[in-house]
**Q** 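If you scroll down you'll find the structure; I have some questions about it.
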Amino acid sequence: PKSFLPVQDLETEGVSGCRLYMTRISLNCVAIQLLLTEGNVIHEVVDVDLAKGEHRTPQFKALNPLMQVPVLQDEDGTVVWESNAILRYICNTFSLDDSF
């Protein structure tokens, strides 16, 4: 999996759009990925291996002090966690208000 990058490193890594930290076994995470895809929002998915404890690393804890997925990291430096908050953020930010 890709490494967890601090917000300020998104631009230097050439990421355009959002970065979604998720695990594919979570329906809440998959719902966010589907909204990003269906809304044509440029995004990158970072699979977080919960079994290996990747959500408990200092790098991930810097993104979400609760150490839970999903986490959305926007290119402007905004970090949002909790699935419903992320869905609302995506709809508001990318004018997808009819989607949620």
Side-chain angles (χ1 to χ4, degrees):
K2 296 185 187 284
S3 61
F4 305 118
L5 297 172
V7 174
Q8 62 270 20
D9 290 344
L10 270 177
E11 193 173 293
T12 59
E13 287 293 314
V15 174
S16 172
C18 300
R19 181 175 281 152
L20 175 62
Y21 295 89
M22 64 174 281
T23 182
R24 295 181 193 278
I25 61 170
S26 165
L27 293 179
N28 290 334
C29 292
V30 172
I32 295 165
Q33 184 182 19
L34 286 172
L35 180 61
L36 289 167
T37 300
E38 292 299 315
N40 294 315
V41 176
I42 297 171
H43 66 284
E44 172 186 11
V45 172
V46 178
D47 286 308
V48 179
D49 190 334
L50 302 179
K52 291 183 179 177
E54 291 180 350
H55 61 299
R56 297 182 185 271
T57 64
Q59 296 87 353
F60 191 83
K61 189 175 181 181
L63 293 172
N64 181 353
L66 300 176
M67 298 182 287
Q68 298 172 342
V69 292
V71 175
L72 183 77
Q73 185 179 30
D74 204 347
E75 65 185 342
D76 69 359
T78 302
V79 176
V80 184
W81 58 84
E82 298 294 334
S83 58
N84 285 330
I86 293 170
L87 291 167
R88 174 55 50 208
Y89 175 83
I90 292 168
C91 289
N92 290 340
T93 303
F94 300 101
S95 300
L96 302 175
D97 291 328
D98 292 338
S99 300
F100 184 75

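Side-chain atoms are counted along with the backbone in the values below, which use heavy atoms only and exclude waters and symmetry mates. Along the sequence shown, residues are numbered consecutively beginning with 1.
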**Q** I need the L50 CG to H55 NE2 distance, nearest 0.5 Å.
**A** 5.0 Å
**Q** Would a distance-only check, ignoring hydrogens and angles, find a side-chain to backbone donor-acceptor pair under 3.5 Å from E75 to G17?
**A** yes
**Q** When you compare the side chain of Q33 with that of H43, does any pair of heavy atoms fall below 4.5 Å?
**A**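 The answer is yes; the side chains approach within 4.5 Å.
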**Q** Would you call R88 and C91 a side-chain contact if the rule is heavy atoms closer than 4.5 Å?
**A**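 R88 vs C91: side chains touch.
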**Q** List in chain and number order the residues that pass side chain to side chain contact (heavy atoms under 4.5 Å, CB included) with L66, two or more places apart in sequence or in another chain; answer none if no residue qualifies.
**A** N64, Q68, W81, E82
**Q** Would you give the length of the straight line joining atom SG of C29 to atom CG of L34, rounded to the nearest 0.5 angstrom?
**A** 11.5 Å
**Q** Counting C-beta onward and ignoring hydrogens, is there a side-chain heavy-atom pair between L96 and V41 closer than 4.5 Å?
**A** yes
**Q** Would you say V79 and L72 make side-chain contact, with heavy atoms under 4.5 Å?
**A**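 V79 does not reach L72 side chain to side chain.
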**Q** Quick check on the hydrophobic clustering: are M67 and Y21 connected, directly or via other members, by side-chain heavy-atom contacts under 4.5 Å?
**A** no
**Q** Compare all side-chain heavy atoms of N40 with those of F94 and state whether any distance is below 4.5 angstrom.
**A**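 Answer no - side chains too far apart.
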**Q** Keeping D74 on the side-chain end and G77 on the backbone end, is there a donor-acceptor pair under 3.5 Å?
**A** no
**Q** State the SG-CD1 distance between C18 and I42, to the nearest 0.5 angstrom.
**A** 9.5 Å
**Q** Name all pairs fulfilling the salt bridge (Lys or Arg N to Asp or Glu O under 4.0 Å) condition that reach into residues 20-30, sequence neighbours left out, sorted by first residue then second.
**A**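 For residues 20-30, and leaving out neighbouring residues, the salt bridge (Lys or Arg N to Asp or Glu O under 4.0 Å) pairs sorted by first residue read R24-D47.
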**Q** Test side-chain contact (heavy atoms from CB on, under 4.5 Å) on V46 and M22; report intermediate values, then the result.
**A** CA-CA 6 Å; V46 178; M22 64 174 281; over 6 Å; no
**Q** Quick check: do F60 and T57 have side-chain heavy atoms less than 4.5 Å from each other?
**A**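 Yes, at least one pair of side-chain atoms sits under 4.5 Å.
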**Q** Are V80 and V71 packed together at the side-chain level, in the sense that at least one heavy-atom pair is separated by less than 4.5 angstrom?
**A**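 They are not in side-chain contact.
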**Q** Sub-3.5 Å donor-acceptor pair from the side chain of T23 to the main-chain atoms of S26, do we have one?
**A**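 Side chain of T23 to backbone of S26: no pair is present.
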**Q** To the nearest 0.5 Å, what is the distance between CG (N84) and CG (N28)?
**A** 7.0 Å
**Q** With P70 as reference, evaluate L87, V48, L20 under the side-chain contact (heavy atoms from CB on, under 4.5 Å) test and give the passing residue.
**A**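 It is L20; the other options fail the test.
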**Q** I want to check something: taking the side chain as every heavy atom from C-beta on, are I32 and S83 in contact at a cut-off of under 4.5 Å?
**A** yes
